[in-house]
Number of protein chains: 2
Amino acid sequence: MAQRGTRQKIVEIADDLFYRQGFEHTSFADIAKVVNISRGNFYHHFKSKDEILDAVIKTRLEMTQQMLVDWEEEGASPKERIESYIRILLTNWTMIKEYGCPVGTLCTELAKLNHTSKEQASKVFTLFRIWLRQQFSQLGYGDEADGLAMHVLSWSQGVATLGNAFNDLEYVSQEVSKMCDWLDVMSRRNISGKKSNQKKR
Amino acid sequence: MAQRGTRQKIVEIADDLFYRQGFEHTSFADIAKVVNISRGNFYHHFKSKDEILDAVIKTRLEMTQQMLVDWEEEGASPKERIESYIRILLTNWTMIKEYGCPVGTLCTELAKLNHTSKEQASKVFTLFRIWLRQQFSQLGYGDEADGLAMHVLSWSQGVATLGNAFNDLEYVSQEVSKMCDWLDVMSRRNISGKKSNQKKR
DNA sequence: GACAAAATAGGACAAACGTCCTATTTTCCG
DNA sequence: CGGAAAATAGGACGTTTGTCCTATTTTGTC
């Protein structure tokens, strides 16, 4: 019981520190200090720093998946569900303005480190991608659904990066409005094909 | 003569390594090895690592400014000039797919390090922002010009991040096409107000 | 209560880090 | 040519890094 508790605590705190300080800039000592355990104990749970990273990414994948399930249940329509995604830019603004997007910043850092877990980290993006694609499919977009999902993904990603760089909430709010307006147009356009998802253009 | 040569060489190589490996992951020894000088000599030119960073950022600001001047001269119309910006996603693709956008990735890294030069680094974004705003002003967009500039900036930034995460050239090409299509619509819409920039809506 | 297993503590290790120092060499200018 | 200044080399420093090791304590089970 104590084992899983400590292990989980390590992962949670490592997750937070990797996000706020970056993976490489976070040391074993940093994590151990916050968890309040010795480095020796640390090594009993994780054999290497990369192993913690893998655990953190795994947790993020699970948390993301759960969040998507929640959005699926909460949102009455595909449009509302996609809006849930768009809104995280504002929901998590206090973190984003300081540390950027957790997913994007980890991917870019691992890319520069040429780290083997880079692909694994990008799978968090894939989760959003698949989920968004599904929503657009339900809006009647067949072949275009994936492209639209990627469009939303990149748009929000860019807003997070620029919002962080300029620390500008007003700009982020405006872009969120633009995205919702765009989504509004998109959801009306194919309202006819809503029930015939597979309809070829 | 030899001084400026060595100093410039250090900055150029540091610029490249900071981009490809990240600022913090690049050590004095890394740079010295490529420049082929001793660490002692290194310290004669730069008193600290932060000082090199400042020099690198300064160079990037100058290079960017020069590039914008070139685009200004090469492009016949505002639309063509903005297209020059959009196209860098494809022009620099071989680098972007491996290391992301040089501007965005440095800003996010410095944000996590809570580095004092973060604001200075984001000024590269500001250069693009002002230049793009100018182009949209010439297209007849008065008050909206800045918002449109930021929109292009964030869009391309997101595409760079996602393109890097997924290593997907096809997606990037599609987004570039979308951006050019969007720009096409935007440049036609306000063709009437082209000569009356200050015209209030 | 006994005993194996898990958990924890804390020190030791070599390597790498940014920084600083002192010599030596090269360059520049009167 | 000569002497001041700049450029370069290379070692030394204190810290921090990830990793590993060996004890000690706690836990779970028969």
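Because the structure is predicted, anything quoted here is derived from the model rather than measured. The basis for the numbers below is simple: all heavy atoms, side chains too, and nothing from hydrogens, waters or symmetry mates. By convention in this document, chain letters (A, B, ...) are assigned in the order of the sequence lines, proteins followed by strands, and residues within each chain are numbered from 1.
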I need the CZ-C1' distance between A:Arg39 and D:dT16, as an integer number of Å.
10 Å
Does C:dT8 have its OP1 or OP2 closer than 4.0 Å to a side-chain nitrogen or oxygen of A:Ser38?
no
For a quick test of reading the model: is some side-chain N or O of A:His45 closer than 4.0 Å to OP1 or OP2 of C:dT8?
yes
Of the listed C:dG18, C:dT8, D:dT8, the closest approach to the B:Phe28 side chain comes from C:dG18
Using only heavy-atom distances, determine whether the side chains of B:Trp131 and B:Glu72 contain a donor-acceptor pair under 3.5 Å.
yes
Specify the separation, in whole Å, of atom CD of B:Glu24 and atom P of D:dT16.
14 Å
May I have the distance from B:Phe42 (atom CZ) to C:dA16 (atom P), rounded to whole angstrom?
18 Å
So, OP1 or OP2 of C:dA16: does either fall under 4.0 Å of a side-chain N or O from B:Ser27?
no
What is the distance, to the nearest angstrom, from the CG atom on B:Asn36 to the P atom on D:dA9?
8 Å
Yes or no on side chain to side chain donor-acceptor pair (under 3.5 Å) for B:Asp54 and B:Ser117, after CA distance, side-chain angles and deciding distance?
CA-CA 7 Å; B:Asp54 286 340; B:Ser117 296; 2.8 Å; yes
In whole Å, I'd like the distance from the CD1 atom of B:Ile52 to the P atom of C:dC17.
13 Å
Between P on D:dG18 and NZ on A:Lys49, what's the gap in Å once rounded to a whole number?
4 Å
On DNA chain D, compare the nucleotides closest to A:Tyr43 and A:His25; which residue's is nearer the 5' end?
A:His25
Can you identify which nucleotide, out of C:dA9, D:dT17, C:dA12, has its nearest atom closest to the A:Ala29 side chain?
D:dT17
Between A:His25 and A:Asp30, do the side chains contain a donor N or O and an acceptor N or O under 3.5 Å apart?
no
Between C:dT19 (P) and B:Phe46 (CZ): distance, integer Å
13 Å
Using a strict cut-off of less than 4.0 Å between a Lys/Arg side-chain nitrogen and an Asp/Glu carboxylate oxygen, indicate whether A:Glu175 and A:Lys178 qualify as a salt bridge.
yes
Check: B:Tyr171/A:Ser154 side-chain N/O donor and acceptor closer than 3.5 Å
yes
Are B:Thr6 and D:dT8 close enough that a side-chain N or O sits under 4.0 Å from OP1 or OP2?
yes
Value in whole Å for how far the P atom of D:dG18 lies from NZ of A:Lys33
12 Å
